[in-house]
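Bear in mind the structure is a predicted one, so any value in this text is a computation, not a measurement. Throughout, residue positions are numbered sequentially from 1 according to the sequence presented.
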Amino acid sequence: MFNPQATLDIINRMGRNTLVEHLGIEMIELGKDYLVAKMPVDHRTHQPLGMLHGGASVVLAETLGSVAAALTVDPQKQYCVGLDINANHIKSAREGYVFGKTTPIHVGKKTQVWEIKITNDEDQLICISRITMAVLDRK
């Protein structure tokens, strides 16, 4: 499903000098039809009460969905941009890491829909998100 030339090293290098790097997001597993990343729960991702900021969870979700979508198209001919994202915050986290895993719901010629489940170190569901991506032709 994904571009066979894609590697975790290449994907992680693309995040340098971006919000992804600032929040400490790291891609850690690339499967046949899924992508996994981890993000620290620390001062960069906390809200004022010391819990994981919901916006940080959404950044993790959007990063995973966007990268996965991009890995399904020929980058010389097409690129993907987010159209819509939603997130349900189920449980809080205060420390450690959260792990996001994205899997496809729909991969079409012009749109894609990806589900992202974010869990904590104990594999408890923290957030579930869905992103819709537009697949655009390069001009």
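With hydrogens and angles disregarded, a donor-acceptor distance shorter than 3.5 Å links the side chain of R138 to the backbone of P75. No donor-acceptor pair under 3.5 Å is formed between the side chain of N12 and the backbone N or O of E26. Proximity of a side-chain donor or acceptor of T103 to a complementary backbone N or O of Y34 within less than 3.5 Å is not detected. Side chain of T111 to main chain of G108: no donor-acceptor pair is present (N/O by atom type, distance under 3.5 Å, no hydrogens or angles).
Side-chain contact between L64 and E115: absent, with no pair of heavy atoms (C-beta onward) separated by less than 4.5 Å. Counting heavy atoms from C-beta outward, V41 and H46 have side chains that approach closer than 4.5 Å. Within the 4.5 Å cutoff, the side chain of T72 has heavy atoms near those of the W114 side chain.
The CG atom of N88 sits 13.5 Å away from the CD1 atom of I126 when rounded to the nearest 0.5 Å. Here CG of L52 is found 10.0 Å from CG of D42. Values are rounded to the nearest 0.5 Å. How far NZ of K101 is from CD1 of I28: 11.0 Å, rounded to the nearest 0.5 Å. Atom NE2 of residue H89 and atom NE2 of residue H53 lie 9.0 Å apart, to the nearest 0.5 angstrom.
Atom NZ of K109 has 12 or fewer neighbouring heavy atoms from other residues, nucleotides or ligands inside a 6.0 Å radius. The environment of CD in Q47 is crowded: more than 12 heavy-atom neighbours from other residues, nucleotides or ligands sit within 6.0 Å. By the 6.0 Å contact criterion, CD on E122 is enclosed, its count of non-hydrogen atoms from other residues, nucleotides or ligands being greater than 12.
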Chi angles and distances behind the side chain to side chain contact (heavy atoms under 4.5 Å, CB included) call for M133, V107: CA-CA 9 Å; M133 303 295 298; V107 179; over 6 Å; no
CA sep, side-chain torsions, deciding dist, call: I85, S129, side chain to side chain contact (heavy atoms under 4.5 Å, CB included): CA-CA 7 Å; I85 189 166; S129 182; 3.5 Å; yes
Candidate pair K91 and L125, rule side chain to side chain contact (heavy atoms under 4.5 Å, CB included), full reasoning: CA-CA 7 Å; K91 185 176 179 65; L125 187 62; over 6 Å; no
Evaluation steps, side chain to side chain contact (heavy atoms under 4.5 Å, CB included), between L19 and E62: CA-CA 12 Å; L19 180 61; E62 181 144 1; over 6 Å; no
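At a threshold of 4.5 Å between side-chain heavy atoms, the hydrophobic network of Ile, Leu, Val, Met, Phe, Trp and Tyr places M27 and F2 in one connected group. F99 and L23 are assigned to two separate hydrophobic clusters, defined by single-linkage of ILVMFWY side chains at heavy-atom distances under 4.5 Å. Grouping the Ile, Leu, Val, Met, Phe, Trp and Tyr side chains by contacts below 4.5 angstrom, directly or via other members, places V98 apart from V36. Note: the hydrophobic cluster containing V20 also contains V58 (ILVMFWY, side chain heavy atoms under 4.5 Å, direct or indirect links). The hydrophobic cluster containing L30 also contains M39, counting ILVMFWY residues as joined when their side-chain heavy atoms lie under 4.5 angstrom apart, directly or transitively.
Minimum heavy-atom separation, P40 to G24: CD-O, 3.3 Å. Of all non-hydrogen atoms in S57 and I118, the two that sit nearest each other are O-CD1, 3.4 Å. Nearest approach of C80 to V73, heavy atoms of both residues: SG-CG1, 4.0 Å. When all heavy atoms of T102 and A68 are compared, the pair lying nearest together is CG2-CB, 3.8 Å. Pairing each heavy atom of L71 with each of A6, the nearest pair is CD2-CB, 3.5 Å. Residue E21 comes nearest to R44 through the heavy atom pair O-NH1, 4.4 Å, listed as atom of the first residue, atom of the second, then distance.
Here Q124 pairs with N120 under the side chain to side chain donor-acceptor pair (under 3.5 Å) rule; sequence neighbours left out. Not counting sequence neighbours, Y97 has no partner by the side chain to side chain donor-acceptor pair (under 3.5 Å) test.
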